Structures are given as C-alpha cells and as structure tokens.
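Counting starts at 1 for both ligands and their atoms, in listed order. Values in this document were obtained by computation on a predicted structure and should not be read as measured data.
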Amino acid sequence: MNYPNNPMPWRLEWSQELSVHIPEIDAEHKHFIELINALNEAIAERMSLSEVRKRMQDVLDDAVAHFDHEEILFIEWGYPEAEQHAREHAAAAEIFTNIMKRIEKSEQDYEWVEAGLQVKQLLVAHLLNEDMKYRDYWLAQNNGQAPLKQG
Ligand SMILES: [Fe+2]
Ligand SMILES: [Fe+2]
C-alpha cells in the first residue's frame with residue numbers, strides 16, 4: 001500500500017500486536033523501534049554520513065545488549081527453545097556486523113538506504129517470528145499471564 005501523504009513512510013509504529021506481554025521486554029522493543037526510526041530518519045533526511053553511522057551503531061549496540069538480556073531471561077525461565085533462539089540472535093548479530101563492515105566506509109547514499117532497510121527488516125522479522133515463540137510459550141504455560149520477574 002502507498003501512503004502518498006505520509007511524510008515518513010519508513011517509520012515503524014509500535015502496536016499491541018508486537019507485545020510479548022512481558023513489560024520489560026516490550027519496553028526494550030519499543031526503544032529499539034525508536035532507534036531504527038532515528039536511523040531511517042537520518043537516511044531519509046540526508047543527514048551527514050557521520051550522523052547516519054552513529055545511529056546505525058546505536059541500533060547495533062542496542063540489539064546486542066537486548067539479545068543478551070533475552071538470553072539471560074531464558075535461563076531464568078528454563079525456556080526450552082533457548083538454544084535455538086540464541087542461535088538466531090548470533091546469526092542476526094553476524095549479519096549486522098557484515099552490513100556495518102560493508103557500508104562503514106561507503107559514501108554512497110543508496111548503500112546506506114539499503115542497509116537501513118535491511119536492518120529494519122531483519123529486526124522486525126526476528127521480533128515477529130522468533131520473539132513471538134516465547135510469548136506463545138508463556139501464554140500457554142501461564143494461562144495467559146506473562147512470567148513474573150524472579151528474585
Ligand atoms: Fe527481542
Ligand atoms: Fe530475540
């Protein structure tokens with residue numbers, strides 16, 4: 001669908017469908033979406049390459065910290081798919097590193113646009129395909145209740 005009047009067609013909006021019903025994780029995912037929006041804003045607004053690079057690095061750093069946090073929670077929960085999920089995180093982190101290496105020194109705008117889209121798609125796909133598995137696991141285990149924080 002086209003949004004001819006939408007000045008920011010690249011923007012991702014949080015919606016309840018993206019909720020994993022675990023407040024601390026939802027908060028991280030929301031923050032993450034904001035960082036991706038900030039990156040794509042810098043690309044769309046043709047900000048300086050140093051600004052685009054900085055925002056790309058913010059997304060990558062945040063992704064790594066968030067992946068680590070999820071993996072710590074999986075251990076706390078005894079989540080049976082923890083290993084498989086951690087492999088997905090490692091694969092995503094490797095793709096990011098490769099994207100960053102590929103474009104780091106590029107002065108070509110289109111390469112940055114493409115990289116921004118790739119990062120966005122990869123993260124949204126991970127959220128919808130992988131993170132939703134632990135949401136479903138928890139909803140099934142706890143009669144619709146999200147896991148309580150331990151300790
Ligand atoms: Fe996540
Ligand atoms: Fe994840």
Check: Are R55 and N40 close enough that some pair of their side-chain heavy atoms sits under 4.5 Å apart?
Finding: no
Notebook entry, point to check: Heavy-atom distance under 4.5 Å between the side chains of H85 and F74, does that happen here?
Noted result: yes
Notebook entry, point to check: Would you say E88 has an N, O or S atom lying under 2.8 Å from the Fe ion (ligand 2)?
Noted result: no
Notebook entry, point to check: Should we count CD of E17 as having more than 12 external heavy atoms under 6.0 Å?
Noted result: no
Note to self: Are H89 and D68 packed together at the side-chain level, in the sense that at least one heavy-atom pair is separated by less than 4.5 angstrom?
What the structure shows: no
Check: Do you see an N/O/S atom of E130, backbone or side chain, under 2.8 Å from the Fe ion (ligand 1)?
Finding: no
Note to self: I'd like the atom name of the N/O/S atom in E70 lying closest to the Fe ion (ligand 1).
What the structure shows: OE2
Next item on the list: Over 60° means perpendicular and under 30° means parallel, so classify the ring planes of F96 and F67, tilted if in between.
Entry: parallel
Next item on the list: Could you tell me whether R46 atom CZ has more than 12 heavy atoms of other residues or ligands within 6.0 Å of it?
Entry: no
Check: Counting backbone and side-chain atoms alike, does H29 have an N/O/S atom under 2.8 Å from the Fe ion (ligand 1)?
Finding: yes
Note to self: When you measure from the Fe ion (ligand 2) to the N, O or S atoms of H89, does any of those distances fall below 2.8 Å?
What the structure shows: yes
Margin query: To make sure I understand the geometry: which N, O or S atom in H126 is closest to the Fe ion (ligand 2)?
Written below: NE2
Notebook entry, point to check: Counting backbone and side chain alike, does D131 bring an N/O/S atom below 2.8 Å of the Fe ion (ligand 1)?
Noted result: yes
